[in-house]
> 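Here you go, one structure.
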Amino acid sequence: MLVERGIQVMNFEVVGDAYAIASNYLRKTGAIADTLVTDERLLAIIVKMFRRGEFNRLRLANKAIATFEAGALA
(Lines give C-alpha, C1' and ligand atoms only; values in the text may rest on other atoms or scores of the structure.)
Protein backbone atom coordinates (compact mmCIF):
# COMPACT_ATOMS: atom_id res chain seq x y z
CA MET A 1 0.00 0.00 0.00
CA LEU A 2 2.80 2.44 0.82
CA VAL A 3 4.52 1.69 -2.48
CA GLU A 4 1.31 2.46 -4.38
CA ARG A 5 0.96 5.74 -2.53
CA GLY A 6 4.58 6.62 -3.31
CA ILE A 7 4.03 6.02 -7.01
CA GLN A 8 0.81 8.02 -6.96
CA VAL A 9 2.52 10.99 -5.30
CA MET A 10 5.40 10.81 -7.77
CA ASN A 11 2.98 10.80 -10.71
CA PHE A 12 1.15 13.80 -9.31
CA GLU A 13 4.49 15.54 -8.89
CA VAL A 14 5.44 14.99 -12.53
CA VAL A 15 2.12 16.38 -13.78
CA GLY A 16 2.31 19.29 -11.33
CA ASP A 17 5.86 20.17 -12.30
CA ALA A 18 5.09 19.95 -16.01
CA TYR A 19 2.05 22.19 -15.51
CA ALA A 20 4.13 24.72 -13.54
CA ILE A 21 6.78 24.87 -16.28
CA ALA A 22 4.27 25.15 -19.12
CA SER A 23 1.97 27.64 -17.42
CA ASN A 24 4.89 29.84 -16.39
CA TYR A 25 6.08 30.02 -19.99
CA LEU A 26 2.59 30.60 -21.39
CA ARG A 27 1.89 33.35 -18.85
CA LYS A 28 5.11 35.13 -19.79
CA THR A 29 4.20 34.99 -23.48
CA GLY A 30 0.66 36.19 -22.78
CA ALA A 31 -0.99 33.03 -24.11
CA ILE A 32 -2.85 32.56 -20.82
CA ALA A 33 -3.95 35.05 -18.20
CA ASP A 34 -1.51 35.90 -15.42
CA THR A 35 -3.68 34.63 -12.56
CA LEU A 36 -3.48 31.86 -9.99
CA VAL A 37 -6.41 30.03 -11.61
CA THR A 38 -5.52 26.72 -13.25
CA ASP A 39 -5.95 26.69 -17.00
CA GLU A 40 -8.13 23.61 -17.50
CA ARG A 41 -7.22 23.18 -21.19
CA LEU A 42 -3.48 23.12 -20.46
CA LEU A 43 -3.97 20.71 -17.57
CA ALA A 44 -6.10 18.42 -19.74
CA ILE A 45 -3.37 18.35 -22.40
CA ILE A 46 -0.71 17.44 -19.84
CA VAL A 47 -2.82 14.74 -18.16
CA LYS A 48 -3.71 13.21 -21.53
CA MET A 49 -0.06 13.05 -22.58
CA PHE A 50 0.93 11.64 -19.19
CA ARG A 51 -1.66 8.87 -19.48
CA ARG A 52 -0.25 8.04 -22.92
CA GLY A 53 3.12 7.33 -21.32
CA GLU A 54 5.12 10.57 -21.28
CA PHE A 55 6.75 10.78 -17.83
CA ASN A 56 9.60 13.24 -18.36
CA ARG A 57 8.37 16.54 -16.88
CA LEU A 58 10.37 18.82 -19.18
CA ARG A 59 9.45 16.94 -22.35
CA LEU A 60 5.85 16.80 -21.15
CA ALA A 61 5.82 20.58 -20.57
CA ASN A 62 7.39 21.32 -23.96
CA LYS A 63 4.96 19.09 -25.83
CA ALA A 64 2.03 20.59 -23.92
CA ILE A 65 3.18 24.12 -24.78
CA ALA A 66 3.44 23.24 -28.46
CA THR A 67 0.02 21.57 -28.43
CA PHE A 68 -1.55 24.47 -26.52
CA GLU A 69 -0.10 27.06 -28.89
CA ALA A 70 -1.28 25.04 -31.89
CA GLY A 71 -4.80 25.13 -30.47
CA ALA A 72 -5.15 21.37 -30.33
CA LEU A 73 -6.22 19.14 -27.44
CA ALA A 74 -3.39 16.56 -27.59
Side-chain angles (χ1 to χ4, degrees):
M1 189 69 154
L2 291 175
V3 173
E4 290 176 359
R5 288 182 184 171
I7 290 172
Q8 207 168 28
V9 170
M10 183 178 66
N11 290 348
F12 177 77
E13 184 179 332
V14 170
V15 171
D17 288 349
Y19 179 84
I21 294 165
S23 65
N24 186 42
Y25 172 81
L26 291 169
R27 282 188 180 102
K28 288 184 177 185
T29 62
I32 61 175
D34 192 11
T35 64
L36 296 176
V37 177
T38 301
D39 187 283
E40 295 296 327
R41 186 170 147 242
L42 178 60
L43 183 59
I45 292 169
I46 291 171
V47 169
K48 192 170 187 178
M49 288 180 176
F50 181 83
R51 287 183 178 160
R52 287 184 183 165
E54 182 58 66
F55 302 117
N56 180 294
R57 64 193 69 186
L58 189 55
R59 193 172 321 128
L60 189 58
N62 286 334
K63 286 181 177 182
I65 290 167
T67 303
F68 187 91
E69 289 179 332
L73 185 62

> The criterion is side chain to side chain donor-acceptor pair (under 3.5 Å); which residues satisfy it with R59, sequence neighbours excluded?
E54
> What is the distance from atom CG of D39 to atom CD1 of I32, rounded to the nearest 0.5 Å?
5.0 Å
> Decide yes or no on side chain to side chain contact (heavy atoms under 4.5 Å, CB included) for V47 and Y19, but give the supporting numbers first.
CA-CA 9 Å; V47 169; Y19 179 84; over 6 Å; no
> Is there a path of hydrophobic side-chain contacts, each under 4.5 Å between heavy atoms of I/L/V/M/F/W/Y residues, joining F68 to L58?
no
> List in chain and number order the residues that pass side chain to side chain donor-acceptor pair (under 3.5 Å) with N24, two or more places apart in sequence or in another chain; answer none if no residue qualifies.
none
> Please list, chain by chain and in numerical order, all residues satisfying side chain to side chain contact (heavy atoms under 4.5 Å, CB included) with A61, sequence neighbours excluded.
A18, I21, A22
> What is the distance from atom CG of D17 to atom CZ of F12, rounded to the nearest 0.5 Å?
9.5 Å
> How close do A64 and L42 get, counting heavy atoms only, and between which atoms?
CB-CD1, 4.1 Å
> Would you list the pairs meeting side-chain hydrogen bond (donor to acceptor under 3.5 Å, both in side chains) in which at least one residue belongs to residues 25-35, sequence neighbours left out?
S23-R27
